[in-house]
Amino acid sequence: MKLKQLMNNFLQDFLNKEKIEFRDWNISVNNKEGYGDYSSNIALKLAKILKKSPIEIAKKIADHQNTTKNIFTISASLPGFVNFHISDIYYQEILDQIINEAENFGKKKKLNKSANVEFVSSNPTGPLTVGHGRQAILGDMVSNILTWNGYDVTREYYYNDAGKQMRVLAESCYAKYAQLIGRDVEIPENGYVGKYLDEIAKKIVDRYGKDLKDNNSVFRDFTEKEIFTNIESTLDSIGIKFDVFTKEGTFYKNGAIKNVLEILKEKDLSYEKDGAVWFKTSSLDKDEDKVLVKSTGEPTYRLPDIAYHADKVDRGFDLIVDIFGADHIDTYPDVILGLKCLDKKTDHIKVIIHQFVTIKKGGEIVKMSTRKANFITLDELNDELSSDIIRYFFIMRGANSHLDFDLDLAKDESEKNPVYYLQYANARISNLLKRYDKEISGDEEIDYTLLKEKDEIALIKLLSEFPNKMEEVSHSLEPRKIATYLEDVAGAYHKFYGNHKVINLEDLNLSFARKKLCEATKIILKNGLSILGISAPERM
RNA sequence: GCCCCGGUAGCUCAGCUGGAUAGAGCAACGGAUUUCUAAUCCGUAGGUCACAGGUUCGAAUCCUGUCCGGGGUACCA
């Protein structure tokens, strides 16, 4: 980051001297050989304004007085790029910084800012499926990213304990109970039929006996509690814990929902039609109006969601992140609109929508629905795969791409999984460091300038980009980018390792410098993996 | 109907706030193994970036249209 600032300052200095008013340039990492480490398009952009050829401008910039020659030199190349050649010394010195700051390298200081990340938020109507798993892991990593970047993060789980779904669940549970004790009761239409309900029904028989009537609250409360306990233990097994659980029922009890309706009515943003209450979204740039309260008197999900979000905004977070499945794609804009109508701040709300997961099992795609019982649970996945692999698989694809999770492949070819590639690099280093201590006793003088091989510089260059990477990810909130970066680091390390001997009794100074490079690499791998919640084993 | 996502090597996908010769893994083929852990490395081969226009000095990337695939959605959430 400091480096980029120096390069920007240099360009700005040139512009100042030439009295040119201009901002729209960028500096990007350059992996092409012979064109330096970083390049800027500034001359190409300036060409039009100055009405001169880009290469002419680039050359002029390259000739501009550079007060930081020990850090970089500048050249121009066709069609008009300005190239920065970073000196080896700059990179070599970064190693010192990485090793000194260790687990804090690239980490932001506390910002004194708070963030709320809402995810999973699955209603307790059944076990978590692999679809929830994707969201759970995405949310957890996004939370980690924010924490790393200085936010005080609250992980929140919101669920509906009051709506129609829970009523249907209770009815389904009663039907299972009744069937178990010989009463002739059918599972309601659109009811839940999963096996987990049989087990719960059995528990109810054991605990409460056979005389319960269908309207007994046990069927709702006990079932909810059972399922919720199961959900929490599932999440726990992949290393996820929440700070706050919020129930929809709260907003009925405290009047918040009623309040939303009243405000909308006052502002003439709602009306009654066909026995339902409608949200006048058509007057707010929407194609059609949406229902807030059904003709049955039950609110749709929109209404409590608006009340809930208003509550989150009122709690004063500096950043609110909502992670939803693709089924919310049409609905969250209504919630945001609702907030605006209530005069709530909304520009600090980030919504991450992720596409669904399909599971391939035995070459066939399993279509999942909680209601029909043909889903694969997160627990089942967890039984067969390690938490590390599950975590990695779920973020290998961008959130808005469909994820085909091939179960057989994940199991059978688990040794080819990229997560091992990362972990292996770490294990290799760990082993090497142990070996080093055994074979070479006592430290030599540190001389980082001995690290001038191409593979060494390339590795350090990558390591030095870690803080930039984390900064970038704090805005994009894409954990996958960390994974991709770490794969690059591991790759560069394996390459270095393959081509150069670290322990060399003939040259202890070089050995020591290389050992330090290994240590720095390990720090970066560990820091990155810890944000992903993936372990960094010492041995494999 | 409306909305979202995708179409890049044989396969799975990166790259998409426009930049130099489009990358990686797997699969294929050839090499490195008395190893500082080969779960690795080196090399070869593999491409009309779905298609057609447009904007630009410059397009896989931005805009428009078309085709193909996946998904969501209606007083269920």
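Everything numeric in this text was worked out from a predicted model, so none of it was measured. Just so it is clear: chains get the letters A, B, ... in the order the sequence lines come, proteins before strands, and each one is counted from 1.
Comparing atom distances between the A:N83 side chain and each of B:A20, B:U40, B:C75 picks out B:A20 as nearest. Side-chain atoms of A:R397 lie closest to B:U12 of the nucleotides B:U40, B:C76, B:U12. Listed nucleotides: B:C41, B:U12, B:A20. Nearest to the side chain of A:S77: B:A20. Of the candidate nucleotides B:C75, B:C57, B:C41, B:C41 has the atom nearest to the side chain of A:Y421. Listed nucleotides: B:A20, B:G71, B:G15. Nearest to the side chain of A:F356: B:G71.
At B:C42, one or more side-chain N or O atoms of A:K495 fall inside 4.0 Å of OP1 or OP2 (strictly under the cut-off). An OP1 or OP2 oxygen of B:G72 is reached within less than 4.0 angstrom by no side-chain nitrogen or oxygen of A:Y332.
RNA chain B is contacted by both A:R480 and A:A490; A:R480 maps to the nucleotide lying nearer its 5′ end (nearest heavy atom per residue). Closest-nucleotide positions on RNA chain B for A:T296 and A:N41 were compared, and the one nearer the 5' end corresponds to A:N41.
A:S53 comes within 4.0 angstrom of nothing in the nucleic acid, heavy atoms only.
For A:Y308 and A:E156, the side-chain atoms include at least one donor-acceptor pair closer than 3.5 Å.
B:U21 and B:G15: their C1' atoms are spaced 15 Å apart (whole Å). Atom name C1', nucleotides B:G10 and B:G1: the rounded distance is 39 Å, in whole Å. B:G23 sits 26 Å from B:G30 when the P atoms are compared, rounded to a whole Å.
Base-pairing analysis of RNA chain B finds the following stems of at least three consecutive Watson-Crick or G-U pairs, with both pairing distances under 3.5 Å: B:1-7 with B:67-73, B:10-13 with B:23-26, B:28-32 with B:40-44, B:50-54 with B:62-66.
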